[in-house]
Amino acid sequence: MSSLTVVRISHGSVSIDLKAVPDSADQLLELALQFEQLEFDGTPGHLELFALFLEFCVQQNKLLALLVFEALNNELRADKTNIHAAIQQQELSEERARAIIRAYYSLWNVPDARALYQAAVGHPALLSSASAHLMALFGGQRGTGSCLDEAQWMLQVYKPLVYGYVQRMSEFLCHEAQDSRVVAAYPRGLHVLEWLTVPNSAPDARYIETMPIMLPVIGLTQLMQVMVLFKTLFMSPGELVQQFKGKHYVGLFCRCLWQ
């Protein structure tokens with residue numbers, strides 16, 4: 001059996017140690033040296049450094065990224081519990097928590113990683129308790145800020161899970177906005193994906209806050225939330241719906257899905 005080599009990845013005073021067989025360790029060390037030349041805003045914490053290096057490896061070498069992913073899993077004990085619960089226990093800032101979750105799901109489309117994701121999910125206690133009666137609550141109104149804000153961070157954090165869907169829905173909405181019966185309500189179009197991925201391309205707040213824009217964006221955001229939920233729980237939409245005994249809606253979009 002090959003002995004393991006320790007590779008240290010550092011940024012300033014923060015470092016993480018990864019163990020790998022010699023051949024992989026040599027490649028990992030090469031990536032670590034490249035990674036250490038990058039500049040980041042502020043000083044990343046220990047877990048954030050893990051996340052940043054994982055995302056770097058995903059772009060360079062997915063086999064090595066799997067090794068880093070497993071190490072992050074062990075660090076968070078996310079192989080034993082849902083990643084969101086594991087992150088909550090760390091008491092991180094919202095920004096850092098999002099960065100780690102984004103990195104965690106960056107391997108979603110890699111087949112060898114899928115089994116690791118599924119093994120960590122198990123069957124949530126709330127969904128298996130005979131005494132728990134779950135209710136789904138969907139709000140239809142945004143809070144503060146632009147109605148694009150939540151959809152934007154959902155796309156950033158869970159991109160591998162939702163990007164294809166958002167792309168198709170954006171094409172659909174853009175096409176529908178050109179219908180002669182409603183086109184007058186969309187003088188600057190309805191280019192949701194472009195606005196989410198290139199925020200500077202989004203129209204001014206006055207246009208975004210009109211009902212013809214807000215309603216479809218809020219509906220799309222709700223559907224993204226549902227998609228993330230059933231995918232990360234490894235359920236079909238129908239299986240997810242069956243877990244809930246009651247539903248309350250503000251707005252019609254998710255009501256249509258949930259019926």
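Keep in mind it's a predicted model, so treat the numbers as computed, not measured.
Put simply, the side chain of F56 does not reach to within 4.5 Å of the side chain of V68, judged on heavy atoms. Under the 4.5 Å side-chain criterion, counting only non-hydrogen atoms from C-beta, L54 is in contact with S106. Side-chain atoms of M227 and V166, non-hydrogen and from C-beta on, never get closer than 4.5 Å to each other. Using a 4.5 Å heavy-atom threshold, the side chains of V226 and P237 count as separate. In this structure, V6 and L4 have side chains that are not in contact, with every pair of non-hydrogen atoms separated by 4.5 Å or more.
Legend: residues meeting side chain to side chain contact (heavy atoms under 4.5 Å, CB included) with E70, ordered by chain and number and at least two apart, are L116. Remark: F50 pairs with H46 by the ring pair (Phe, Tyr, Trp, His ring centres under 6.0 Å) rule, at least two apart or across chains. Shown here are the ring pair (Phe, Tyr, Trp, His ring centres under 6.0 Å) partners of H11, two or more places apart in sequence or in another chain: F40. In this structure L47 satisfies the side chain to side chain contact (heavy atoms under 4.5 Å, CB included) test together with L72, E75, L76, Q90, L92, I100, sequence neighbours excluded. Not counting sequence neighbours, the partners of R181 by the side-chain hydrogen bond (donor to acceptor under 3.5 Å, both in side chains) test are D179. Partners of R114 by salt bridge (charged side-chain N to carboxylate O under 4.0 Å, His left out), not counting sequence neighbours: none found. Partners of T210 under the side chain to side chain contact (heavy atoms under 4.5 Å, CB included) rule, at least two apart in sequence or in another chain, are P212, I213.
Side-chain atoms of T221 come within 3.5 Å of backbone N or O of V217 as a donor-acceptor pair. A side-chain donor-acceptor contact under 3.5 Å links Y117 to the backbone of Y104. Proximity of a side-chain donor or acceptor of S201 to a complementary backbone N or O of E194 within less than 3.5 Å is detected.
Shown here for E150 and Q225, the closest heavy-atom pair between the two residues is OE2-NE2, 2.6 Å. Between M214 and C147 the shortest heavy-atom distance is CG-SG, 3.9 Å. In this structure, L64 and S24 approach most closely via the heavy-atom pair CD2-O, 3.9 Å.
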Exercise answer: donor-acceptor pairs, residues 152-162 side-chain atoms, under 3.5 Å, sequence neighbours excluded:
unit_1, atom_1, unit_2, atom_2, d
Q152, NE2, L196, O, 3.3
Y158, OH, H84, NE2, 2.7

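The side chain to side chain donor-acceptor pair (under 3.5 Å) pairs that include a residue from residues 93-102 are E48-R96, E55-R102, E94-R98, where partners are two or more places apart or lie in different chains. The salt bridge (Lys or Arg N to Asp or Glu O under 4.0 Å) contacts involving residues 165-178 comprise nothing, where partners must be two or more places apart or lie in separate chains. Within the structure, ring pair (Phe, Tyr, Trp, His ring centres under 6.0 Å) pairs that include any residue of residues 160-217 do not occur (at least two apart or interchain). Note on residues 12-30: pairs passing salt bridge (Lys or Arg N to Asp or Glu O under 4.0 Å), not counting sequence neighbours, are R8-D17.
Here the two rings, on W108 and F69, have centers that are 6.0 Å apart or farther.
If you chain together hydrophobic residues whose side chains sit under 4.5 Å apart, F53 and L38 fall into the same group. There is no path of hydrophobic side-chain contacts, each under 4.5 Å, that joins V183 to V192.
Residue E239 qualifies as enclosed at atom CD: its count of foreign heavy atoms under 6.0 Å is above 12.
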